[in-house]
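For reference, the structure is listed below as structure tokens.
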Amino acid sequence: QVPLVESGGGLVQAGASLRLSCTASVSTFENYAMGWFRRAPGKEREIVASTSGTGTVQSVINSLEGRFTISRDNAKSTLYLQMNALKPEDTAIYYCAAEYGSPWRILLEEHEYTNWGLGVQVVVSA
């Protein structure tokens with residue numbers, strides 16, 4: 001099990017930006033595909049973005065492209081999610097997830113990840 005700790009959430013107004021971070025307690029971070037998921041109130045958890053272990057392959061779901069960016073710093077074992085022009089519908093608990101053995105692939109399905117953080121709350125007011 002890989003300990004994952006998210007940070008950077010909070011309460012912001014619509015149009016603001018936030019950057020979420022997820023720090024992993026591993027020495028081989030580059031071997032882990034990473035993903036951001038979110039669960040909005042009353043909805044199921046959904047994929048937001050994913051990056052391969054090397055960071056060379058990335059994907060953000062279509063509806064969030066242009067506003068959200070995923071990145072990682074393997075030297076710091078940290079994953080980021082830059083969220084711009086936030087909307088009230090972005091209100092959710094955001095989770096990071098990690099899966100070993102995917103340095104070159106992105107993983108987009110919840111069941112593909114075995115390591116999860118506890119989540120960080122993001123609330124966007126109108």
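- Although no hydrogens or angles enter the test, the distance criterion places no donor-acceptor pair under 3.5 Å between the side chain of R105 and the main chain of G53.
- Counting heavy atoms of neighbouring residues, nucleotides and ligands inside a 6.0 Å radius, atom CD of E89 exceeds 12 of them.
- Here the shortest heavy-atom pairing between P88 and A14 reads CD-CB, 4.1 Å.
- Both V2 and V120 belong to a single network of hydrophobic side chains, linked directly or stepwise wherever heavy atoms of I, L, V, M, F, W or Y lie under 4.5 Å apart.
- At most 12 non-hydrogen atoms from other residues, nucleotides or ligands lie less than 6.0 angstrom from CG of L118.
- Remark: L18 CG to N84 CG distance equals 9.5 Å, nearest 0.5 Å.
- A 4.5 Å side-chain heavy-atom check between V123 and V12 finds every atom pair outside the cut-off.
- Taking the ring centroids of Y95 and F37, they lie at or beyond the 6.0 Å cut-off.
- Here the shortest heavy-atom pairing between Y113 and A33 reads CE2-O, 3.8 Å.
- Side-chain contact annotation: Y32 with T51, donor-acceptor N/O pair under 3.5 Å absent.
- Rounded to the nearest 0.5 Å, atoms CD (E6) and SG (C22) are 5.0 Å apart.
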Exercise for review: Begin with the C-alpha distance, continue with both residues' side-chain angles, and end with the deciding distance and a verdict on side chain to side chain contact (heavy atoms under 4.5 Å, CB included) for S17 and Q82.
Suggested key: CA-CA 7 Å; S17 296; Q82 179 67 44; 3.9 Å; yes

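- In this structure, V60 is a member of the same hydrophobic cluster as V57, with clusters built from ILVMFWY side-chain heavy atoms closer than 4.5 Å.
- Remark: R38 is not positioned above the aromatic ring of Y94, lacking an NZ or CZ atom under 6.0 angstrom from the ring centre and at most 45 degrees off the axis.
- A85 and R67 get closest at one heavy-atom pair: O-NH1, 2.9 Å.
- For the pair E112 (side chain) and E109 (backbone), a donor-acceptor distance under 3.5 Å is present.
- The minimum heavy-atom distance linking L4 with A24 is given by the pair CD2-CB, 3.6 Å.
- Interatomic distance, CG of L79 versus SG of C96, reported as 6.0 Å (0.5 Å rounding).
- Counting only heavy atoms from C-beta outward, the side chains of W116 and Q1 never approach each other to under 4.5 Å.
- Rounding to the nearest 0.5 angstrom, the gap separating the CD1 atom in I106 from the OG atom in S52 is 8.0 Å.
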Point to revise | Residues I70, Y80; criterion side chain to side chain contact (heavy atoms under 4.5 Å, CB included); working and verdict | key: CA-CA 6 Å; I70 188 170; Y80 302 100; over 6 Å; no

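- Residue Q58 holds its CD atom at 9.0 Å from OG of S50, rounded to the nearest 0.5 Å.
- Proximity of a side-chain donor or acceptor of S21 to a complementary backbone N or O of S7 within less than 3.5 Å is not detected.
- The shortest side-chain heavy-atom distance between I61 and L108 does not fall under the 4.5 Å cut-off.
- A distance of 4.5 Å separates CG in L20 from CH2 in W36, rounded to the nearest 0.5 Å.
- Contact record, I47 with L107: CD1-O, 4.3 Å, taken as the closest heavy-atom pair.
- Considering all non-hydrogen atoms of both residues, V122 and M83 come closest at CG2-CE, 4.0 Å.
- The closest donor-acceptor contact from the side chain of S77 to the backbone of V26 lies under 3.5 Å.
- Between the side chains of D73 and T78, no donor-acceptor pair of N or O atoms lies under 3.5 Å.
- Ion pairing between R39 and E46 fails under the 4.0 Å rule for side-chain N and carboxylate O.
- For N115 (side chain) and E99 (main-chain N/O), no donor-acceptor pair under 3.5 Å exists by modelled atom type.
- Geometrically, R72 engages F29 in a cation-pi contact, judged by NZ or CZ lying under 6.0 Å from the ring centre and within 45° of the ring axis.
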